[in-house]
Amino acid sequence: MVMTSKRRAERLMIEVGVDLERITQTFGRQRALDDVTLHAGNGVFGLLGPNGAGKSTLLRIMATVLRPKRGEVRLLGLNPQQSHELRAIRRELGYLPQQFGYYPNFTVFEFIEYFALLKEMSPKQVRSAVANAIERVGLEDRAKAKMKSLSGGMLRRVGIAQAIVNEPALLLLDEPTVGLDPEQRVMFRRLLREIGERSVVFVSTHLVEDVAAACSDVRILNQGRIVYEGDADDLKRIGAGVSDADAAGDSEIERGYTAVLLASRGGREVDR
Amino acid sequence: MRTQSAPPPPDIDLDRVWHRVTGDIWATEPGWIERTAARLLRSPALARALVTTPSLVLAWLLASGLVLLLGVFVTNATDQPWVPFLAPVVAIVGVSFVYGSGADPAWEIVRTTALPRRMVLLVRVVAVFVTNTVIALAASVFTPMMGSVVMLWLLPLVGLSMVALAFATWTQSPVFGAASGLAIWLTIALQGLTRANDVTAFVHEDVITGMAPLYAAATLVAGVVVMMGSSGMPGQTRWESMRWS
């Protein structure tokens with residue numbers, strides 16, 4: 001979709017970037033994030049890590065759902081602690097949580113349109129933007145279907161569509177490919193690369209091959225800390241340099257991933 | 001002879017035209033309530049948020065109507081003010097479920113959108129108050145309790161609903177909000193039970209008049225709590241945002 005010139009002008013007034021300084025988040029006694037620092041400009045960033053590593057918590061902080069216990073957050077050059085800047089951030093935000101709730105009696109179009117309106121998109125642009133989002137996720141033939149009639153994979157695609165409907169400058173996706181078949185995953189990776197050319201995209205996933213195919217940069221989290229920062233090719237090189245005995249995995253990038261995790265658990269850094 | 005279609009003029013974005021057409025085909029036209037609300041509120045987003053209020057869906061309104069209809073029958077049978085007793089009950093539960101987790105299945109996404117929570121809350125609360133007042137008024141017409149209608153149930157309806165909303169906003173739990181409001185109302189009712197062996201004994205003009213300042217104060221305090229609790233990032237009250245540097 002061609003961005004309108006007005007939208008392009010609005011986009012230039014915000015910085016496309018995320019800056020997190022020494023973020024710590026706790027839930028009771030459990031430390032979900034521990035002194036995490038992260039800076040990102042436009043591109044697609046993969047977040048990998050085992051269950052409970054802190055990926056979803058990090059995404060929720062960037063989605064302005066959670067306020068961190070300590071640390072500084074700047075999103076798109078703006079401070080989410082200021083209410084008018086928070087509102088500006090949220091106009092440019094797209095978020096798909098891991099647990100995705102929906103309204104069963106809404107049609108696909110109504111559901112995405114609802115969120116387009118809540119994101120304060122211009123009413124004149126809403127319908128065409130929603131139609132475009134539906135096409136981009138390949139749900140044209142289900143646009144008027146009720147949400148309760150959709151399969152799990154289709155629901156996930158609707159979730160992706162509502163996240164991208166406002167052409168967000170910051171797009172956060174938590175496990176977006178759950179339930180998608182291989183063809184849909186290929187289409188989704190293409191969509192991510194396209195959006196990443198002009199936006200900051202964070203994708204949290206367990207599927208290492210999705211990260212390899214779509215992400216320019218990778219962060220691996222373990223026990224609330226970032227234990228690896230680099231690009232996917234670097235991770236593959238690490239995987240190529242370890243034996244099967246040292247790190248499990250069916251591909252070089254999977255072996256690289258497990259090697260990094262094993263090294264972090266042993267309190268050391270992996271050789272690059 | 002081979003024919004070839006002419007290319008589109010350079011200033012026409014065919015994709016945009018296509019999406020506008022398909023958007024119009026796939027869209028559901030808003031109903032008259034939403035169209036009217038959009039004109040009054042001057043915001044299609046707020047109007048859509050209003051008509052999607054969880055406690056204003058048809059099933060919920062029917063349930064509220066049935067509860068008050070039951071109150072009409074019992075009032076006429078026993079000559080006790082059951083409609084004024086039940087009207088705040090319906091409103092307390094309705095107001096608690098206007099917004100937030102527990103009421104909205106898509107809450108995790110809704111809370112990240114730009115439309116100010118405070119505006120949505122205000123619009124929905126007013127709509128629920130008005131709706132419940134209309135239903136209760138309609139029920140009161142069929143009982144002998146019409147004379148003192150404002151004093152009998154409107155004051156506790158507003159006061160206790162605001163208290164329930166304050167609890168729901170503060171704890172981010174509509175169930176806790178509803179339970180708190182109902183608990184207070186039932187505590188007041190129990191006083192009537194212990195004094196006169198009648199749970200509706202307190203729903204009389206002189207009692208409500210005496211408690212009017214208390215209901216007014218509760219409404220004000222609860223309103224402040226709700227405003228403080230619905231600003232800033234979710235999970236963060238105004239006080240927390242002021243302390244945080």
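The sequence lines fix the lettering, A, B, ..., with proteins before strands; numbering per chain opens at 1. Nothing here was measured: the structure is a model prediction, and the numbers come from that model. Keep in mind that the numbers below use all heavy atoms, side chains included, and drop hydrogens, waters and symmetry copies.
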Asker: With a 4.5 angstrom heavy-atom cut-off, which part of I25(B) approaches chain A: side chain, backbone, both or neither?
Answerer: backbone
Asker: Quick check on S43(B) against chain A: is it the side chain, the backbone, both or neither that has a heavy atom closer than 4.5 Å?
Answerer: neither
Asker: Evaluate I61(A) against L33(A) for side-chain contact (heavy atoms from CB on, under 4.5 Å), listing each step before the verdict.
Answerer: CA-CA 10 Å; I61(A) 288 173; L33(A) 290 175; 3.7 Å; yes
Asker: For residues 143-157 of chain A, give me every residue with a non-hydrogen atom less than 4.5 Å from any non-hydrogen atom of chain B.
Answerer: A143(A), K144(A)
Asker: For a 4.5 angstrom cut-off between non-hydrogen side-chain atoms, does L173(A) reach F202(A)?
Answerer: no
Asker: Under 4.5 Å from any heavy atom of chain A, what part of V21(B) do you find: side chain, backbone, both or neither?
Answerer: neither
Asker: Do the charged groups of K55(A) and D174(A) touch, with an N to O distance under 4.0 Å?
Answerer: no
Asker: Side chain from CB out, backbone as N, CA, C, O: work out which of these in Q82(A) comes under 4.5 Å of a heavy atom of chain B, or both, or neither.
Answerer: neither
Asker: Select, from A45(B), P116(B), A27(B), the one with the greatest count of heavy-atom pairs under 4.5 Å involving chain A.
Answerer: A27(B)
Asker: Under a 4.5 Å cutoff for heavy-atom pairs, which residue among T28(B), L46(B), V120(B) has the most contacts with chain A?
Answerer: T28(B)
Asker: Please determine if R48(B) and E34(B) form a salt bridge, counting it only when a charged side-chain N lies under 4.0 Å from a carboxylate O.
Answerer: yes
Asker: Tabulate, in ascending numerical order, the residues of residues 109-119 of chain A having at least one heavy atom closer than 4.5 Å to a heavy atom of chain B, or enter 'none'.
Answerer: F109(A), E110(A), E113(A), Y114(A), F115(A), L117(A), L118(A), K119(A)
Asker: Please confirm whether the ring centroid of Y99(B) lies under 6.0 Å from the ring centroid of W107(B).
Answerer: yes
Asker: Check whether I89(A) gets within reach of chain B through its side chain, its backbone, both or neither, counting any heavy atom under 4.5 Å.
Answerer: neither
Asker: For the side chain of D19(A) and the backbone of L38(A), is there at least one donor-acceptor N/O pair under 3.5 Å apart?
Answerer: no
Asker: First locate atom CD1 of I33(B), then atom CG of L50(B), and finally report the distance between them rounded to the nearest 0.5 Å.
Answerer: 8.5 Å
Asker: Chain B heavy atoms under 4.5 Å from Y102(A): which part of the residue, side chain, backbone, both or neither?
Answerer: backbone
Asker: Can the ring centroids of F97(B) and W60(B) be said to lie less than 6.0 angstrom from one another?
Answerer: yes
Asker: Can you give me the closest heavy-atom contact between V83(B) and S140(B), atom names plus distance?
Answerer: CG1-OG, 3.7 Å
Asker: Below 4.5 Å from any heavy atom of chain A, which atoms of P30(B) appear? Answer side chain, backbone, both or neither.
Answerer: side chain
Asker: Does F85(B) offer a backbone N or O that forms a donor-acceptor pair with the side chain of W185(B) under 3.5 Å?
Answerer: yes
Asker: Look at the side chain of R31(A) and the backbone N and O of T26(A), then say whether any donor-acceptor pair between them is shorter than 3.5 Å.
Answerer: no
Asker: With no hydrogens and no angle check, is any side-chain donor or acceptor of S161(B) less than 3.5 Å from a backbone partner on V158(B)?
Answerer: no
Asker: Could you give the distance from CZ (R60(A)) to CG (L172(A)), rounded to the nearest 0.5 Å?
Answerer: 12.5 Å
Asker: With rounding to the nearest 0.5 Å, note down the distance linking CG in L47(A) to NE2 in H206(A).
Answerer: 11.5 Å
